[in-house]
There are 2 protein chains.
Amino acid sequence: MTQKLIYEGKAKKIFETSNPNELMMEYKDSLTAFNALKKGEFSGKGQLNCQISTHLFKLLSKNKIPHHWIRTENKNQMVVVKTKIIPLEVVVRNIIAGSLAKKLGIEEGRALKKPLVELYYKDDALGDPFVSDDQAFEFGWAQPDQLQQMKKLALTINEILTPSFAEVGLKVVDFKLEFGLDPSGVLVLADEISPDCMRLWDMQTNEKMDKDRFRRDLGNIEGAYKQVLERIERIQV
Amino acid sequence: MTQKLIYEGKAKKIFETSNPNELMMEYKDSLTAFNALKKGEFSGKGQLNCQISTHLFKLLSKNKIPHHWIRTENKNQMVVVKTKIIPLEVVVRNIIAGSLAKKLGIEEGRALKKPLVELYYKDDALGDPFVSDDQAFEFGWAQPDQLQQMKKLALTINEILTPSFAEVGLKVVDFKLEFGLDPSGVLVLADEISPDCMRLWDMQTNEKMDKDRFRRDLGNIEGAYKQVLERIERIQV
């Protein structure tokens, strides 16, 4: 069956399906960082992220988190509910790293007293700027009740992922989520959950097991992603 | 009486006084922008800002806003309550301009649906980054009740300034406030209120009457500041 490509992003392609309420999401092998100024790829990366995401959506299903995943059909393709994406990236942080460390001049690795939720406006041309709740309302990116629900879901997801990852020796440093409204207007978790949009550190060694290996030229990206899949699959779903 | 200089900033000097609960704030003639990368000055600028601030503190007194101003002793010196400054700049915006316009790729001049309050962490070395309420709590810059009070006071001050300035032909585009805790722990407005930390546009012509004349090399900075003082003094206090 030929599918119509309706969107191609930095790491995924989205196709229409025969069902108007469903989309096919294909994970690409490409890696990008710094708003696509740095580009790379490795063969099989799409499959790894698709398998990791699949397992994590199953874990979230078990924990009653509403999400867009329906089924994974091929190694790098999943069928998802068609949603209207809310143009905000919701970031949850447990440990200071990345842009927050840089912004505040703090060394990476300090644990936060409690998880921080941050919003970024999804706009590549503007570099996905950090925004406040009030800005999100003012510019109509989300309604107050939606934003409250997104933040609550993000913190609940963190409470599910953090102990599960700890069981398999992975520290959840931070991660980025996206949300959308399904055809009946219900807010659900969308996009993916993979080492492309999480910081994961080995519990014992603090070795980075995520896209920072690519961003910072640490090498063995493929090995780290494979390790993550292998460990994640040990989490019972 | 010789006074001990205890702090010198970009636009003001702070001296001890014989009263341990009071400080002398001296307004300098210097102008700086872009975190002091751009420097200038004009003779009498300190006096203008001190006189403008004085009049506005009187206006706020009339409206029961707690603030640090006690009296203006010389043309460019005011005696203020000694406060412990909260390291957050509180910005109120009525019209999109400056950093917000740049961040969101929006042309300057669009009115906001309702006034926006933003927080910036006061740290020159970090370039005063934009921060969220949650970050302010996490890093201990303000307590939740203090922040709520600061934001409420900022919006009330906007409600006082905006119509008063309109009477004398000035649009309040945005302004920056700082707050401190007085010796008994009460939150009060501190710092200054002048064209150095406000955007003021002429109601008829939209001509800029504030530090943007310096930032953007528009010339006649002194004339604009003098105009602001002359108009502001027509506001009854």
Side-chain angles (χ1 to χ4, degrees), chain A residues 35 87-144 147-148 150-152 154-155 158 173-174 176, chain B residues 35 87-144 147-148 150-152 154-155 158 173-174 176:
Chain A
N35 204 7
L88 291 168
E89 296 187 345
V90 180
V91 170
V92 180
R93 298 181 184 275
N94 296 304
I95 294 171
I96 297 175
S99 64
L100 183 64
K102 201 175 164 191
K103 173 164 112 165
L104 300 181
I106 300 171
E107 217 184 324
E108 290 198 324
R110 193 208 288 180
L112 291 159
K113 280 175 272 175
K114 59 180 203 173
L116 257 180
V117 182
E118 298 172 351
L119 303 178
Y120 294 82
Y121 175 49
K122 267 172 71 74
D123 188 311
D124 284 344
L126 300 172
D128 301 329
F130 177 61
V131 296
S132 66
D133 294 16
D134 287 342
Q135 287 173 347
F137 308 149
E138 169 65 33
F139 298 105
W141 302 323
Q143 300 305 313
L147 200 58
Q148 202 185 356
M150 283 160 67
K151 290 171 111 176
K152 202 178 153 192
L155 286 171
N158 187 44
V173 174
D174 54 42
K176 185 260 300 180
Chain B
N35 205 7
L88 292 169
E89 295 187 345
V90 180
V91 169
V92 180
R93 298 182 184 274
N94 296 304
I95 294 172
I96 297 175
S99 65
L100 183 65
K102 201 175 164 190
K103 174 164 111 166
L104 300 180
I106 300 171
E107 218 184 325
E108 290 198 327
R110 192 207 288 179
L112 291 159
K113 280 176 272 176
K114 59 181 205 173
L116 257 180
V117 182
E118 298 173 350
L119 303 177
Y120 294 83
Y121 175 49
K122 266 172 71 73
D123 188 312
D124 283 343
L126 300 173
D128 300 330
F130 177 61
V131 297
S132 66
D133 294 16
D134 287 342
Q135 288 173 346
F137 308 149
E138 169 65 32
F139 298 106
W141 302 323
Q143 300 305 313
L147 200 58
Q148 201 185 358
M150 283 160 68
K151 290 171 112 177
K152 203 178 152 193
L155 287 170
N158 187 43
V173 174
D174 54 42
K176 186 260 300 182

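Labels below follow one simple rule: chain letters A, B, ... track the order of the sequence lines, proteins then strands, and each chain is numbered from 1.
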field: Heavy-atom pair with the smallest gap, counting every atom of B/P129 and A/L104
entry: CG-CD2, 4.3 Å

message: If the condition is side chain to side chain contact (heavy atoms under 4.5 Å, CB included), which residues does A/A154 pass it with, not counting sequence neighbours?
response: A/V90, A/V92, A/L177

If you check both backbone and side chains, which donor-acceptor pairs between chain A and chain B fall under 3.5 Å?
residue	atom	partner	partner atom	Å
A/K103	NZ	B/F130	O	2.6
A/K103	NZ	B/Q135	OE1	3.2
A/K113	N	B/E138	OE1	3.4
A/K113	N	B/E138	OE2	2.8
A/K113	NZ	B/E138	O	2.8
A/K114	N	B/E138	OE1	3.4
A/E118	OE2	B/Q135	NE2	2.7
A/F130	O	B/K103	NZ	2.6
A/Q135	OE1	B/K103	NZ	3.2
A/Q135	NE2	B/E118	OE2	2.7
A/E138	O	B/K113	NZ	2.8
A/E138	OE1	B/K113	N	3.4
A/E138	OE1	B/K114	N	3.4
A/E138	OE2	B/K113	N	2.8

message: If I take atom CD1 from residue B/I96 and atom CZ from residue A/F139, how far apart are they, to the nearest 0.5 angstrom?
response: 4.0 Å

query: With a 4.5 Å limit on heavy-atom distance, are the side chains of B/L116 and A/F137 in contact?
result: no

